[in-house]
Amino acid sequence: MSALASLGAKLKGTPMQYRWPRRLWIVRHGESTGNVARQAAIDAGSPEINIDHRDIDVPLSPRGETQAVALGRWFARNSADGLPEVVLTSPYARAHATARLITQHGGFSDAEFSADERLREKEFGVLDRLTTAGIQERFPEQARFRSLLGKFYHRPPAGESWCDVILRLRSFMDTVGLHHGGQDVLVVSHQVVVLCLRYLLERLSEEEILEIDREGDVANCSVTQYEFSEMRRKGGELLLKKYNFLAPLHEERAPVTAEPPVADALR
């Protein structure tokens, strides 16, 4: 038997449940200094958000660090059924730092840990660091295009649409299934990524995911959790168990914040 045929036979005999994670937690990073600066710019009526760092380097705020520690402690308190074995994080500093604090205080700092660029923040292109007022002042045609196309399909110059984010996340989930089937996986990323993963995993429509988005922002360090089930779909699926879950922060009396991404001015 050839090596390829041997591999095919092996995969054919692999239990379907091992092609999905056993459990998948998806966490938005803790509050960042960029989130704080965004709100300050809006309050001041400024067209531009004042941040000294490039977006990838924006750090956690002190409240964001507190939120990440609180979430880590929640994992530690609820470890009877096991802790994450794999931690996959956006390479952005705020997400990476959140993941590190969670693992350190959650008791699973020995988990497999890696950054994946496909989990990065949505790229906003020429609209980056502008408030709604700034976009309307400097790029009125983009404000019109956004109103016409909607946030799911609108791609600002040099930026991404939600569809672009979903495209890279399809590849990411293929990698998760290939390498981490049957494992407990923690993903730490950004608000749009959390929502786009819900769109993928639950096979939602544009209107369904945008309705979820309209109901409220994904809170910093909130938990979205899926568990594997083989009951309803051939080959199994991941079923949503928690969304925007904030008990970990409430239990530690940590601050709850839900600022939108720095550049997401056109709501």
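Taking the centre of each ring, Phe145 and Phe139 stay at or above the 6.0 Å mark.
Take Asp184 and apply the salt bridge (Lys or Arg N to Asp or Glu O under 4.0 Å) test, not counting sequence neighbours, and it matches Arg22, Arg23. Residues passing the side-chain contact (heavy atoms from CB on, under 4.5 Å) test with His179 are Thr175, sequence neighbours excluded. Residues forming a ring pair (Phe, Tyr, Trp, His ring centres under 6.0 Å) with Tyr226 (at least two apart in sequence, or on another chain): none.
Classification of Arg168 and Glu160 as a salt-bridged pair holds, one side-chain N sitting under 4.0 Å from a carboxylate O. Checked for salt-bridge contact, Arg144 and Glu141 miss the test: no charged N lies under 4.0 Å from a carboxylate O. In summary, Arg94 and Asp55 engage in a salt bridge, as defined by a charged side-chain N under 4.0 Å from a carboxylate O. A salt bridge links Glu251 with Arg77; the closest basic N to acidic carboxylate O contact falls under 4.0 Å.
Of the possible donor and acceptor atoms, one in the side chain of Arg129 sits under 3.5 Å from a partner among the backbone N and O of Ile51.
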Taking it one step at a time, do Arg214 and Glu211 satisfy salt bridge (Lys or Arg N to Asp or Glu O under 4.0 Å)?
CA-CA 5 Å; Arg214 283 191 290 268; Glu211 178 58 31; 3.0 Å; yes

Derivation of the side-chain hydrogen bond (donor to acceptor under 3.5 Å, both in side chains) call for Thr257 and Gln67:
CA-CA 9 Å; Thr257 56; Gln67 291 164 343; 2.9 Å; yes

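Side chain to side chain, Gln39 and Asp43 meet the donor-acceptor criterion of an N or O pair below 3.5 Å. With 3.5 Å as the limit, one finds a donor-acceptor pair spanning the side chains of Glu227 and Gln225. In summary, the side chains of Ser61 and Glu31 do present a donor paired with an acceptor at a separation below 3.5 Å, with no hydrogens or angles considered. Between the side chains of Ser171 and Arg118, at least one donor-acceptor pair of N or O atoms lies under 3.5 Å. Side chain to side chain, Ser90 and His190 meet the donor-acceptor criterion of an N or O pair below 3.5 Å. There is a side-chain donor-acceptor pair under 3.5 Å between His154 and Gln142.
The shortest side-chain heavy-atom distance between Val187 and Val27 does not fall under the 4.5 Å cut-off. No side-chain heavy atom of Pro91 sits under 4.5 Å from any side-chain heavy atom of His96. Thr224 places none of its side-chain heavy atoms less than 4.5 Å from the side chain of Lys241. By the 4.5 Å heavy-atom criterion applied to side chains, Val185 and Leu88 are counted as neighbours.
Apart from Leu101 itself, the hydrophobic cluster it occupies contains Leu60, Val69, where clustering links Ile, Leu, Val, Met, Phe, Trp and Tyr at side-chain heavy-atom distances under 4.5 Å. Cluster note: Val36 groups with no other residue, as no ILVMFWY side-chain heavy atom lies under 4.5 Å from it.
The list of ring-ring contact (aromatic ring centres under 6.0 Å, His included) pairs with a residue in residues 54-81, not counting sequence neighbours, reads Trp25-Phe75, Trp74-Phe245, Phe75-Phe108.
Interatomic distance, CD of Gln191 versus SG of Cys196, reported as 10.5 Å (0.5 Å rounding).
Between Phe152 and Trp162, the ring planes lie tilted relative to each other; the angle falls in the 30° to 60° range.
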